[in-house]
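Please read the structure below before turning to the comments.
Model, not experiment: these values are computed from the prediction.
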Amino acid sequence: MYDIEKFYQAVDVKDAIRALEADPSAVIISGGSDVLIKIREGKFAGCSLVSIHGIPELEGVRMEEDGTIVIGPATTFSHVTNNDIIMKHIPILGNAVDQAGGPQLRNIGTVGGNVCNGVTSADSASSFCVLDAILVLEGPKGTREVPIREWYTGPGRTVREHEEVLTAIKIRRESYEGFGGHYIKYGKRNAMEIATLGCAVTVKLSDDKRHVEEMHLGYGVAAPTPIRCFETEEKVKGMEIGEALYETVGKGALEEVNPRSSWRASKEFRLQLVEELGKRALKQAIINAGGEADA
């Protein structure tokens with residue numbers, strides 16, 4: 001049974017904002033894969049729900065004239081994975097969300113919900129981090145854009161205010177053009193598993209495909225919030241592809257992460273994963289960028 005006091009279906013974004021303003025305890029629901037579980041667990045017991053499901057302006061993927069990819073937050077994982085724009089330009093994101101739960105969850109779970117729940121284990125989180133995603137919020141005070149590096153404020157917390165609705169996730173052309181990427185998720189099971197650790201890497205290679213021009217390295221469950229390893233990224237600029245590069249990435253990441261022990265894995269084990277997955281993800285990203293990982 002679900003303890004829900006009342007349910008309101010918003011007809012558009014402004015209607016949803018008005019409903020949130022009118023009820024300080026209301027909770028936004030779209031796909032419901034996270035919210036309904038929390039209600040059943042008693043965390044949102046007796047809450048009011050404001051549904052943004054089915055609002056056309058919040059769904060789909062499009063490319064603007066300047067090459068910016070705009071993803072509607074109410075777009076399901078399955079639709080992201082199978083979208084032509086995503087597959088052509090940022091397949092790392094489609095691959096990441098295709099590892100969330102099972103087919104049923106991927107058919108109802110949304111990328112916006114995955115970001116707004118603020119958890120570090122979200123499969124889209126580290127990929128959005130390395131893609132320098134920009135999150136567009138609309139509320140009573142107007143519209144604002146938040147870089148994803150400023151989005152997370154703590155475990156399960158974000159900068160989104162109660163009356164605000166996430167209306168778009170933007171990926172700029174310069175954040176994906178010329179990059180190859182790869183996401184690796186480690187879990188105890190091969191499917192339907194919350195990540196013990198997630199690692200995303202995008203890399204742009206030099207013209208000769210032998211050196212790193214730019215690299216982005218992100219992790220989930222390696223800290224209280226999804227993180228980027230900016231210091232390590234700076235260290236590898238210009239480095240030649242080879243073992244020295246991989247060691248620099250693996251060791252460098254260890255200096256920037258802060259994992260904790262939980263029932264899923266100890267801190268020590270997660271640190272081993274941080275080092276190893278960073279190397280593996282970079283090698284595959286190099287291949288996806290047109291290089292040779294063992295060069």
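With sequence neighbours excluded, the residues forming a side-chain hydrogen bond (donor to acceptor under 3.5 Å, both in side chains) with Asp15 are Tyr8, listed by chain and number. Taking His182 as the reference, nothing meets the ring pair (Phe, Tyr, Trp, His ring centres under 6.0 Å) condition, with sequence neighbours excluded. Every residue two or more places apart in sequence or in another chain was checked for a ring pair (Phe, Tyr, Trp, His ring centres under 6.0 Å) with His79, and none qualifies. The side-chain hydrogen bond (donor to acceptor under 3.5 Å, both in side chains) test applied to Ser51 returns Gln9, not counting sequence neighbours. With sequence neighbours left out, the side-chain hydrogen bond (donor to acceptor under 3.5 Å, both in side chains) criterion links Arg260 to no other residue.
Here ring pair (Phe, Tyr, Trp, His ring centres under 6.0 Å) pairs that include residues 209-245, with residues two or more places apart or in two chains, are Phe179-His216. Sorted by first and then second residue, the pairs that involve residues 152-164 and meet side chain to side chain donor-acceptor pair (under 3.5 Å), not counting sequence neighbours, are Arg144-Glu164. Legend: salt bridge (Lys or Arg N to Asp or Glu O under 4.0 Å) pairs involving residues 76-85, not counting sequence neighbours: none detected. Among pairs with a residue in residues 61-70, those fulfilling salt bridge (Lys or Arg N to Asp or Glu O under 4.0 Å) read Arg62-Glu64, at least two apart in sequence or across chains. Applying the salt bridge (Lys or Arg N to Asp or Glu O under 4.0 Å) definition to pairs two or more places apart or across chains, those involving residues 105-122 are Asp98-Arg106.
Panel note: side chain Thr81, backbone Gly94; a donor-acceptor pair is recorded below 3.5 Å. For the pair Glu233 (side chain) and Glu214 (backbone), a donor-acceptor distance under 3.5 Å is absent.
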Please list, one pair per line, the donor and acceptor atoms closer than 3.5 Å that link side chains of residues 126-143 to other protein atoms, with sequence neighbours excluded.
residue: Asp132; atom: OD1; partner: Arg149; partner atom: NH2; Å: 3.2
residue: Asp132; atom: OD1; partner: Arg228; partner atom: NH1; Å: 2.9
residue: Glu138; atom: OE2; partner: Lys14; partner atom: NZ; Å: 3.1

Donor-acceptor contacts, no H, no angles, side chain residues 273-281, under 3.5 Å, sequence neighbours left out:
residue: Glu275; atom: OE2; partner: Lys251; partner atom: NZ; Å: 3.0
residue: Glu276; atom: OE2; partner: Arg280; partner atom: NE; Å: 2.8
residue: Lys279; atom: NZ; partner: Glu247; partner atom: OE2; Å: 2.8

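Across Leu93, Ile85, Thr110, a single residue satisfies side chain to side chain contact (heavy atoms under 4.5 Å, CB included) together with Val80, and that is Leu93.
Side chains of Ile92 and Asn95 form no contact here, defined as non-hydrogen atoms less than 4.5 Å apart.
In this structure, Val221 and Thr120 approach most closely via the heavy-atom pair N-OG1, 2.8 Å.
No continuous path of hydrophobic side-chain contacts links Phe7 to Val13 [ILVMFWY only; heavy atoms under 4.5 Å].
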